[in-house]
Amino acid sequence: QGSARLVAEGYLSAEEAAAIEPLHELASSYKRVSDDDARILADPEWAKVVAVAKSVRAALMALIEAPDELEALQKG
């Protein structure tokens with residue numbers, strides 16, 4: 001698991017890694033319906049990835065205390 005290495009190297013906390021795992025799993029398994037951006041954006045499966053990404057972002061904002069990291073998440 002890629003996040004285990006990031007935790008071991010101090011880039012992520014264990015809590016942050018756990019928070020991003022659902023997004024990692026869903027995004028990794030997503031199969032593009034097309035190379036056309038409009039079709040991808042209209043794909044219900046892509047909408048699920050986006051919804052999970054939004055919830056992961058909210059979870060990370062509750063965990064992260066570093067001002068520069070919070071600012072990056074708020075802009076995202």
Side-chain angles (χ1 to χ4, degrees):
Q1 182 179 10
S3 61
R5 180 182 56 81
L6 295 172
V7 171
E9 293 176 3
Y11 293 107
L12 289 176
S13 69
E15 294 84 5
E16 292 166 343
I20 65 170
E21 190 58 32
L23 177 60
H24 175 73
E25 288 180 19
L26 191 58
S28 295
S29 66
Y30 176 72
K31 305 290 186 232
R32 292 182 353 170
V33 294
S34 171
D35 287 334
D36 177 38
D37 292 344
R39 288 193 63 206
I40 292 170
L41 291 173
D43 179 15
E45 294 302 311
W46 181 249
K48 291 177 186 176
V49 174
V50 172
V52 169
K54 288 178 180 179
S55 69
V56 166
R57 179 176 173 248
L60 288 173
M61 289 181 75
L63 291 171
I64 292 174
E65 297 178 359
D68 59 329
E69 293 176 15
L70 279 173
E71 182 180 346
L73 278 172
Q74 290 168 344
K75 288 180 181 178

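Start at 1 with the first residue, then count along the sequence.
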Review point. Given the rule that I, L, V, M, F, W and Y join up when any side-chain heavy atoms are under 4.5 Å apart, are Met61 and Leu63 in one cluster?
Key: no

Review point. Is it the case that one hydrophobic cluster holds both Leu23 and Leu73, taking links as side-chain heavy atoms less than 4.5 Å apart, direct or via other members?
Key: yes

Exercise for review: Look at the side chain of Ser55 and the backbone N and O of Val52, then say whether any donor-acceptor pair between them is shorter than 3.5 Å.
Suggested key: yes

Exercise for review: Without swapping roles, check the side chain of Ser13 against the backbone of Glu16 for a donor-acceptor pair under 3.5 Å.
Suggested key: yes

Point to revise | Nearest heavy-atom neighbours spanning Ile40 and Ser34 | key: CD1-O, 3.2 Å

Revision key, fill the gap. Taking every heavy atom of Ala19 against every heavy atom of Val56, the minimum-distance pair comes out as O-CG2, 3.3 Å

Exercise for review: State whether the number of non-hydrogen atoms from other residues, nucleotides or ligands found under 6.0 Å of Tyr11 atom OH is greater than 12.
Suggested key: no

Check your understanding: From Arg5 CZ over to Leu12 CG, what is the distance, rounded to the nearest 0.5 angstrom?
Key -> 9.5 Å

Point to revise | Value rounded to 0.5 Å, distance of CZ in Arg57 from CD1 in Ile20 | key: 15.5 Å

Practice item. Please tell me if the side chains of Asp43 and Tyr30 come closer than 4.5 Å, counting only heavy atoms from C-beta onward. Key: yes

Check your understanding: Do Ser3 and Glu21 touch side chain to side chain, with heavy atoms closer than 4.5 Å?
Key -> yes

